Amino acid sequence: MGTQQLLLTILGIVVVGIAISVGIYLFTGTTISSNKDAIINDLQNLGQYAYRYKLKPEPLGGGGSLYTGFNIPAKLASNDNATYSATTTASAVTFTALSAFGFGTIVADVDSAGVMNSFTYTGDFQ
């Protein structure tokens with residue numbers, strides 16, 4: 001009877017260990033997905049901000065139909081989700097977001113019509 005109890009105890013410990021491992025794996029996947037979604041939301045907001053800059057006339061501090069001169073405001077350049085940077089041309093802006101949790105980067109473009117497209121993912125975001 002003693003060896004049966006010992007085997008059942010060991011089996012129980014193994015099952016609990018597997019359950020804990022699966023739980024940790026699921027939690028990590030949810031964290032990565034949540035961070036990715038939050039960064040995409042932030043990029044959409046930055047894209048709208050850039051497009052408003054483009055539409056605003058130059059005398060009022062805008063781009064006068066161009067993205068040239070657009071910079072991410074300091075208060076929007078970093079938050080709990082990521083650090084953001086922008087590369088501009090006359091007709092497009094390329095945003096790069098570096099995850100604050102080290103999960104990777106997301107790169108997205110805003111075209112001349114203000115549409116965000118061509119998302120590229122690296123690291124755990126792939």
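Just so we're clear, the structure is a prediction, and the values are computed from it rather than from any experiment.
Contact detail for Gln44 and Phe119: the closest heavy-atom pair is NE2-CZ, 3.9 Å. Heavy-atom minimum distance, Ile72 versus Ser85: CD1-C, 3.6 Å. Summarising the geometry of Ser78 relative to Thr83, their closest heavy-atom pair is OG-OG1, 3.6 Å, with the distance given to 0.1 Å. Listed here is the closest heavy atom pair of Ala90 and Thr68: CA-OG1, 3.4 Å. When every heavy atom of Ala100 is checked against every heavy atom of Asp80, the shortest pair comes out as CB-O, 3.5 Å. Nearest approach of Val110 to Met116, heavy atoms of both residues: CG2-CE, 3.3 Å.
Counting heavy atoms from C-beta outward, Ile40 and Tyr121 have side chains that approach closer than 4.5 Å. Annotation: side chain of Lys36 is not in contact with side chain of Ser99 (no heavy-atom distance under 4.5 Å). Residues Ile10 and Leu6 form a side-chain contact, since some pair of their non-hydrogen atoms from C-beta on lies under 4.5 Å apart. For the pair Leu7/Gln4, no side-chain contact is recorded, criterion being any heavy-atom separation below 4.5 Å from C-beta on. Between Phe125 and Asn35, the closest side-chain pair of non-hydrogen atoms falls below 4.5 Å.
The distance from atom CG of Asp109 to atom OG1 of Thr120, rounded to the nearest 0.5 Å, is 7.0 Å. Considering CD of Gln126 and CD1 of Ile106, their distance stands at 11.0 Å, rounded to 0.5 Å. The OH atom of Tyr84 lies 7.0 Å from the CG atom of Leu46; values are rounded to the nearest 0.5 Å. Remark: Asp37 CG to Asp42 CG distance equals 11.0 Å, nearest 0.5 Å. Atom-to-atom distance recorded for Thr88:OG1 and Asn71:CG is 7.0 Å, nearest 0.5 angstrom. With values rounded to the nearest 0.5 angstrom, Phe103 atom CZ is found 12.0 Å from Leu98 atom CG.
Tyr67 and Tyr51 have tilted rings, their planes meeting at an angle from 30° to 60° on a 0 to 90° scale.
Side-chain atoms of Tyr53 do not come within 3.5 Å of backbone N or O of Gly61 as any donor-acceptor pair. Within the 3.5 Å criterion, the main-chain N or O of Thr105 finds a donor-acceptor partner in the side chain of Thr122.
No path of Ile, Leu, Val, Met, Phe, Trp and Tyr side chains, each step under 4.5 Å between heavy atoms, connects Val93 with Val107, placing them in separate hydrophobic clusters.
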